[in-house]
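Numbered from 1 within each chain, the chains take letters A, B, ... in sequence-line order.
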Amino acid sequence: MLYIHNTLTRKKEEFEPIDAADVRMYVCGPTVYDFAHLGNARPIVVFDVLYRLLQRLYPRVTYVRNITDIEDKIMDRARENGETIESLTARTTQAFHDDMAALNALPPTVEPRATQYIGDMVAMIEKLVAKGHAYVAEGHVLFNVPSMGNYGELSRRSRDELVAGARVDVAPYKKDAADFVLWKPSAPEQDGWDSPWGRGRPGWHIECSAMAEKNLGATFDIHGGGLDLIFPHHENEIAQSRCAHDGAVLANYWMHNGFLTVNNDKMSKSLKNFFTVRELLAHAPGEALRLALLSGHYRSPLDFSIEALQAAKAKLDRWYGALRVVAYEPYVDCNPPSSFEGALLDDMNTSLAISHIDKLVNNIHAKRITEGDDAAKNELLSCARALGLLYQNPEEWFKWKPAGQSGLSDEEINAQIAARLAARQAKNYAESDRIRDALAAQGVILEDGPAGTTWRRG
RNA sequence: GGCGCGGUGGCAGAAUGGCUAUGUAGCGGACUGCAAAUCCGCGUAUGCCGGUUCGAUUCCGGCCCGUGCCUCCA
């Protein structure tokens, strides 16, 4: 039985799918104007764990995660670069795919791109205008917030509070200060599409409503995204979709991941504490980054630091050490034991799930389980892979090298080890220790075992 | 001002009305030529003040502190 915290009710609820034969989930994907930063990666990784869990529970899961490839930031950036939005977004989308693959995030079932759904957006806007929920003003089409009686359900804000707290000047053509744009006009030099209201481009919120409708229908099971999207993005998505669909609920469960901070400051470009996934992947393996993102509960704020990343790497070193003991291959996919799964079923308690793996690893070492213990291996790998971890060969894991680092080649290291062995056999420990220290200075750690000397990069 | 979240050992981080995870760091020991890895053992925590209770870190109230959102934001 899966329990998830529903932002709509602010309670943990038992998950009951609309159609158990096809569970449907939508997660807001990136606006591709630059490399993904770590904050962008958190929801991807969090909902990837949920996607994997749902796939174990139900025969079919339709996971839709969009790419927003038309947005003012994209237009601005393309203009700065002197390139078309197509060339910019093709590049940034590829980078996003590469980064997420490095984090072991499975591709979604469908990955709609906003520019391919302009017609659907226009149709939805027309429907909203026809139903009296939207109006045209000075080339814009605006959603009229007072036309929806229960606007504000998700964020639990009343329209009056919103207007009172508004920090932004209200455009004079708005009927109500809370009204938001569905379609806006484009100047001749700006990207735009023809519409019944002239050449223009869609507002951000309508993109997700249209892509969700097209791929998942009027009502689906789970809608996810970052905490900051609750208002206004998700609130407005709900308003658009429900008003276009005669009140039908958009999603039964809303899930939001907490924010990421860096050294306890909110991650921001102005504070220069902004990490892109790409630069972090040069310093640590993707799985270490992924484990760092899963180390706390998904709804809690997560403080990221290089120390936290190193701690995650160290933990994986230990896990891979155990995996090496029970042998990496062969492995046939199987479901994790219920003791582990129970943690994930309880609103994705990844911390508890991780501690379960720690215990498995302890057990493998403590009992000195030997190679070929399939029960131990199956348990370890099924649990780890439920979290999207331990997909590598341990030998490769321990030889991981930061991108672009020159360092010693494997051949050079092996030659040094041979030289050290000769010195040790001659009991020339001064020389053997000198070689070991020299290697350590270059990040190569030697381990003398009964079967000889092995090495790893630390 | 409005709405919300949180304060657990040196650090990270779960859980729980009584049995106080897990990791890491620290200390002692085993193994090792010495290390590393691994093993064994040890210690230290529930922000403050009340209330309910046989018993509160857990439930309730107040206070203090931190933090997020209030139409760019994952």
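Both the sub-6.0 Å distance and the 45° axial angle are satisfied by A:R385 relative to the ring of A:Y391.
Taking atom CG of A:N236 as the reference point, atom C1' of B:C70 lies 13 Å away to the nearest angstrom. The separation between A:L103 atom CG and B:A74 atom C1' is 14 Å, rounded to whole Å. Atoms CG (A:D317) and P (B:A37) sit 10 Å apart, rounded to a whole Å. Protein atom CZ of A:F259 is 21 Å distant from nucleotide atom P of B:G66, rounded to whole Å. Summarising the geometry, the separation between CZ on A:R157 and C1' on B:C3 is reported as 6 Å, rounded to the nearest angstrom. For the pair A:K427 NZ and B:U32 P, the computed distance is 13 Å after rounding to whole Å. The CD-P distance, from A:E395 to B:A37, rounds to 17 Å in whole Å. Between the OH atom of A:Y320 and the P atom of B:A36 there is a distance of 24 Å, rounded to whole Å.
The residue A:L38 sits apart from the nucleic acid: no heavy atom pair falls under 4.0 Å. Within 4.0 Å (heavy atoms only), A:R420 reaches at least one base atom of the nucleic acid. Within the 4.0 angstrom heavy-atom criterion, base atoms lie near A:S432. At a threshold of 4.0 angstrom between heavy atoms, the contacts of A:I445 are confined to the sugar-phosphate backbone, with no base atom among them.
In a base pair of the Watson-Crick type (N1 to N3 plus N6-O4 or O6-N4) or a G-U wobble (N1-O2 and O6-N3), with each distance short of 3.5 Å, B:G1 is matched with B:C70. In this entry B:A14 has no Watson-Crick or G-U wobble partner, no candidate having both defining distances under 3.5 Å. The partner of B:G6 is B:C65, by the rule that a Watson-Crick or G-U pair needs both atom distances under 3.5 Å. Nucleotide B:U52 forms no Watson-Crick or G-U wobble pair with any nucleotide shown, as no partner meets the under 3.5 Å limit on both distances. Using the Watson-Crick or G-U wobble rule with both distances under 3.5 Å, B:C42 pairs with B:G26.
In the region residues 221-229 of chain A, proximity to RNA chain B at under 4.0 angstrom, judged on heavy atoms, holds for A:G225, A:G226, A:D228, A:L229.
The gap from the P atom of B:U44 to that of B:C19 amounts to 15 Å, rounded to the nearest Å. Comparing the same atom, C1', in B:C60 and in B:U20 gives a spacing of 23 Å after rounding to whole Å. For the P atoms, the distance linking B:A56 with B:G6 amounts to 23 Å, nearest Å. Remark: the separation of the C1' atoms in B:U46 and B:G2 is 32 Å, to the nearest Å. Here, B:C3 and B:U58 have their P atoms 25 Å apart, quoted to the whole Å. Rounded to the nearest Å, the gap between the P atom of B:G23 and that of B:G18 is 23 Å. Here the separation of B:A12 from B:A45, taken at their C1' atoms, is 13 Å to the nearest Å. Here, B:A15 and B:A21 have their P atoms 14 Å apart, quoted to the whole Å.
The number of heavy atoms from other shown groups lying within 6.0 Å of NE2 (A:H97) is above 12.
Under the 30°/60° scheme for interplanar angles, the aromatic rings of A:F304 and A:F275 are found to stand perpendicular. By the 30° and 60° cut-offs, the orientation of the rings of A:H223 relative to A:Y26 is tilted. Using a 30° and 60° split on the angle between ring planes, A:F231 and A:Y151 fall in the perpendicular class, above 60°.
How far CE of A:M25 is from CE of A:M255: 8.5 Å, rounded to the nearest 0.5 Å.
Under 4.0 angstrom from either OP1 or OP2 of B:A36 there lies no side-chain N or O belonging to A:R318.
Out of B:A74, B:C34, B:U71, the shortest distance to the side chain of A:N257 is found at B:A74. For A:F231, counting side-chain heavy atoms from C-beta on, the closest listed nucleotide (B:A37, B:C70, B:C34) is B:C70. Candidate nucleotides B:C39, B:C72, B:A36 were compared by shortest atom distance to the side chain of A:H365, and B:C39 ranks first.
For A:F15 and A:Y253, the gap between ring centers is short of 6.0 Å. Residues A:H234 and A:H256 place their aromatic rings such that the two centres sit under 6.0 Å apart.
Below the 3.5 angstrom threshold, one finds no donor paired with an acceptor across the side chain of A:R42 and the base of B:A74.
Applying the side-chain contact (heavy atoms from CB on, under 4.5 Å) rule to A:E431 yields the partners A:A423, A:N428, A:R434, A:I435; only residues at least two apart in sequence or on another chain are considered.
Looking at heavy atoms from C-beta onward, A:V61 lies in side-chain contact with A:Y51 at the 4.5 angstrom threshold.
A donor-acceptor pair shorter than 3.5 Å cannot be found between the side chains of A:H37 and A:T276. With no hydrogens or angles considered, a side-chain donor-acceptor pair links A:N104 and A:E287 at under 3.5 Å.
Look at A:Y429 and the base of B:G33; the rings stack, centres closer than 5.5 Å and planes less than 30° apart.
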Summarise how protein sits on nucleotides 4-22 of chain B as a single string, 5' to 3': B when a protein heavy atom is under 4.0 Å from the base, S for sugar-phosphate-only contact, - for no contact. ---------SSS-----BS

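For the pair A:A41 and A:E447, both in contact range of RNA chain B, the more 5′-proximal nearest nucleotide belongs to A:E447.
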